[in-house]
Peer 1: 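Okay, handing you the structure first.
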Amino acid sequence: MGVEPENTLRSFVRAQRSGMDAIALDLRLSKEGVLVVLHDADVDRTTDGSGSVADLTLAELRGLDAGHGERVPVFEEVLDAVGLPLLASVRDQAAAGALAQVLLRRDLTTRVLVSCGDDAVLAGIAELVPGVRTVLSASRHGGDLVERALAVGAEALNLDIRRVTLETVESAHAAGLRVTGWTVNTQERLKLARALELDGAVTDLPEIRRTGRFTA
């Protein structure tokens with residue numbers, strides 16, 4: 001997040017208070033398999049620590065400073081602290097399986113959308129959690145993007161706005177899919193999002209909501 005340490009409770013609370021529609025976050029598994037909120041595979045960039053998330057215990061991760069004294073949050077902690085819908089990104093079957101357990105145990109299929117760039121992961125979590133809402137995410141893609149999303153039962157596409165074309169958006173809309181773009185942090189990209197008739201946009205700057213509807 002551009003105005004607070006990214007993927008922290010502080011940033012999520014700021015987004016909620018700013019009136020955002022939803023919150024996007026990234027999930028990783030600690031060494032013992034607990035879902036924590038971190039974007040990268042390692043902690044070097046976003047905390048004062050070093051090493052792979054998968055090699056660190058929850059206690060070790062919680063001991064890191066993620067910015068301004070903020071700790072690395074556990075996913076369920078975010079669920080309890082923030083009332084907005086969540087767009088939760090996972091990257092592999094292990095994280096998706098752990099997320100599925102949380103969704104089922106807490107009956108969260110209407111509140112949490114699951115995003116991933118791996119078709120098999122999305123198909124897998126759809127089998128584990130009947131009725132779960134999924135989003136196919138892609139930074140680079142070909143002409144088969146809409147077909148891929150439909151094949152795994154995704155309800156939306158989340159795409160790098162620098163590579164989205166009007167043809168892709170129109171094709172997705174014709175197939176009943178929503179399309180959002182990331183990352184919209186400037187007025188130029190906001191104008192592009194509107195010109196492409198996107199259904200929403202991901203931003204690091206919640207104050208930009210005054211000129212549109214966004215996911216922080």
Peer 1: What is the minimum heavy-atom distance between L177 and L150, and which atoms define it?
Peer 2: CD2-CD2, 4.0 Å

Peer 1: Going through the distances and angles, do L99 and F75 end up as a side chain to side chain contact (heavy atoms under 4.5 Å, CB included)?
Peer 2: CA-CA 9 Å; L99 177 58; F75 177 58; 3.5 Å; yes

Peer 1: Is any side-chain heavy atom of L104 less than 4.5 Å from a side-chain heavy atom of V129?
Peer 2: yes

Peer 1: With a 4.5 Å heavy-atom cut-off, do L79 and R111 have their side chains touching?
Peer 2: yes

Peer 1: For R62 and V72, indicate whether the former's side chain and the latter's backbone hold a donor-acceptor pair under 3.5 Å.
Peer 2: yes

Peer 1: Using modelled atom types and a 3.5 Å cut-off, is there a donor and acceptor pairing between side-chain atoms of D40 and backbone atoms of T46?
Peer 2: no

Peer 1: Could you report the tightest heavy-atom contact between S115 and L122, atom names first, then the distance?
Peer 2: C-CD2, 4.3 Å

Peer 1: Could you grab the distance from atom OG of S11 to atom CD of E70, nearest 0.5 Å is fine?
Peer 2: 8.0 Å

Peer 1: Identify the heavy atoms of S137 and W182 that sit nearest to each other, and give their distance.
Peer 2: OG-NE1, 4.1 Å

Peer 1: Check step by step if side chain to side chain contact (heavy atoms under 4.5 Å, CB included) holds for H173 and D199.
Peer 2: CA-CA 10 Å; H173 284 165; D199 300 290; 2.8 Å; yes

Peer 1: Starting at OG1 of T165, measure out to NE2 of H141 and round the result to the nearest 0.5 Å.
Peer 2: 6.5 Å

Peer 1: According to a 4.5 Å side-chain heavy-atom criterion applied to Ile, Leu, Val, Met, Phe, Trp and Tyr, with indirect links allowed, do L35 and V53 form part of one hydrophobic cluster?
Peer 2: no

Peer 1: Enumerate the salt bridge (charged side-chain N to carboxylate O under 4.0 Å, His left out) contacts for residues 130-153, please, sequence neighbours excluded, ordered by first and then second residue.
Peer 2: D119-R148, R133-E155

Peer 1: Does any part of the side chain of I161, heavy atoms only, come nearer than 4.5 Å to the side chain of V184, both counted from C-beta?
Peer 2: yes

Peer 1: Is there a side chain to side chain contact (heavy atoms under 4.5 Å, CB included) between N158 and V202 once you walk through the steps?
Peer 2: CA-CA 9 Å; N158 188 30; V202 178; 4.0 Å; yes

Peer 1: Check step by step if side chain to side chain contact (heavy atoms under 4.5 Å, CB included) holds for L61 and R71.
Peer 2: CA-CA 8 Å; L61 290 167; R71 299 184 303 174; over 6 Å; no

Peer 1: So which heavy atom on A100 is nearest to which on I125, and how close?
Peer 2: CB-CG1, 4.1 Å

Peer 1: What do the steps show when you test D80 against R106 for salt bridge (Lys or Arg N to Asp or Glu O under 4.0 Å), and what is the final call?
Peer 2: CA-CA 11 Å; D80 294 333; R106 299 189 56 160; 2.6 Å; yes

Peer 1: Would you say that L190 contacts T186 through its side chain, given a criterion of any heavy-atom pair below 4.5 Å between the two side chains?
Peer 2: no

Peer 1: With no hydrogens and no angle check, is any side-chain donor or acceptor of T134 less than 3.5 Å from a backbone partner on V114?
Peer 2: no

Peer 1: Grab the two heavy atoms, one from P206 and one from A15, that are nearest each other, plus how far apart they are.
Peer 2: CB-CA, 4.4 Å

Peer 1: Any chance you could measure D55, atom CG, to E60, atom CD, to the nearest 0.5 Å?
Peer 2: 9.5 Å

Peer 1: How about CD on E167, more than 12 heavy atoms from neighbouring residues, nucleotides or ligands closer than 6.0 Å, or not?
Peer 2: no

Peer 1: Could you grab the distance from atom SG of C116 to atom CG of L136, nearest 0.5 Å is fine?
Peer 2: 8.0 Å

Peer 1: Is the shortest heavy-atom distance from the side chain of R14 to the side chain of V3 under 4.5 Å?
Peer 2: yes

Peer 1: So how far is it from I23 CD1 to L86 CG, rounded to the nearest 0.5 Å?
Peer 2: 6.0 Å

Peer 1: What distance do T8 atom OG1 and E4 atom CD have between them, rounded to the nearest 0.5 Å?
Peer 2: 6.5 Å

Peer 1: Heavy atoms only: give me the nearest D160-R163 pair and the separation to one decimal.
Peer 2: OD2-NH1, 2.7 Å

Peer 1: Quick one, V74 and V37 - any side-chain contact, counting heavy atoms below 4.5 Å?
Peer 2: no

Peer 1: Is any side-chain heavy atom of L87 less than 4.5 Å from a side-chain heavy atom of L25?
Peer 2: no

Peer 1: Please check if L103 and L84 belong to a single hydrophobic cluster, counting links between Ile, Leu, Val, Met, Phe, Trp and Tyr side chain heavy atoms closer than 4.5 Å.
Peer 2: yes

Peer 1: Is there a chain of hydrophobic side chains (I, L, V, M, F, W, Y, each step under 4.5 Å between heavy atoms) that links V36 to V78?
Peer 2: no

